[in-house]
Amino acid sequence: MSVIFVILMVIFLVGCVALVGAILLQKKRSAGGMGSIAGMGNVADTYWDKNKRRSAEGALETWTKLGAVVLALLAIVLCLPIF
């Protein structure tokens, strides 16, 4: 094994643990079983819901998506037979 492979693998493992933590820190989105059946999912259009992307919760969601994409690309690179 090369040194680059070991470094990338350590980065990958730390990133996986961080991604799991970021996912667990997020709030639940579901309105419950009855809310989705009755079509009540988008009734609460409050100021907070409209400006969620600017909050810390929105930033966490954005970083979670970005981290998932980076980890997927890193997993593909680690599977290549170049090391």
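Nothing fancy with the numbering, it's 1 onward along the sequence. Hydrogens, waters and symmetry mates are skipped; everything else that's a heavy atom, side chains included, is used.
Taking CG of Leu78 as the start and CG of Leu73 as the end, the distance is 11.0 Å to the nearest 0.5 Å. Atom CD1 of Ile11 sits about 12.0 Å away from atom SG of Cys16, to the nearest 0.5 Å.
Follow the hydrophobic side-chain contacts under 4.5 Å out from Val3 and you reach Met9 in the same cluster. Ile82 and Ile76 fall into different hydrophobic clusters, where Ile, Leu, Val, Met, Phe, Trp and Tyr are joined by side-chain heavy atoms under 4.5 Å apart, directly or via other members. Linking Ile, Leu, Val, Met, Phe, Trp and Tyr whenever their side-chain heavy atoms come within less than 4.5 Å leaves Leu66 and Ile23 in two separate clusters. Both Leu19 and Leu8 belong to a single network of hydrophobic side chains, linked directly or stepwise wherever heavy atoms of I, L, V, M, F, W or Y lie under 4.5 Å apart. A single hydrophobic cluster is not seen to contain both Val69 and Leu80; linkage of ILVMFWY side chains at heavy-atom distances under 4.5 Å, directly or through other members, places them apart.
Note on residues 4-25: pairs passing ring pair (Phe, Tyr, Trp, His ring centres under 6.0 Å), not counting sequence neighbours, are Phe5-Phe83.
Remark: Leu13 CG is packed, more than 12 non-hydrogen atoms of other residues, nucleotides or ligands lying under 6.0 Å away.
When side chains are defined from C-beta on, Glu57 does not count as touching Gln26, because their heavy atoms never get closer than 4.5 Å. Counting heavy atoms from C-beta on, the side chains of Leu24 and Val20 come closer than 4.5 Å.
In this structure, Thr64 and Ala22 approach most closely via the heavy-atom pair OG1-CB, 3.6 Å.
Other cluster members for Val17: none, since no ILVMFWY side-chain heavy atom sits under 4.5 Å from it.
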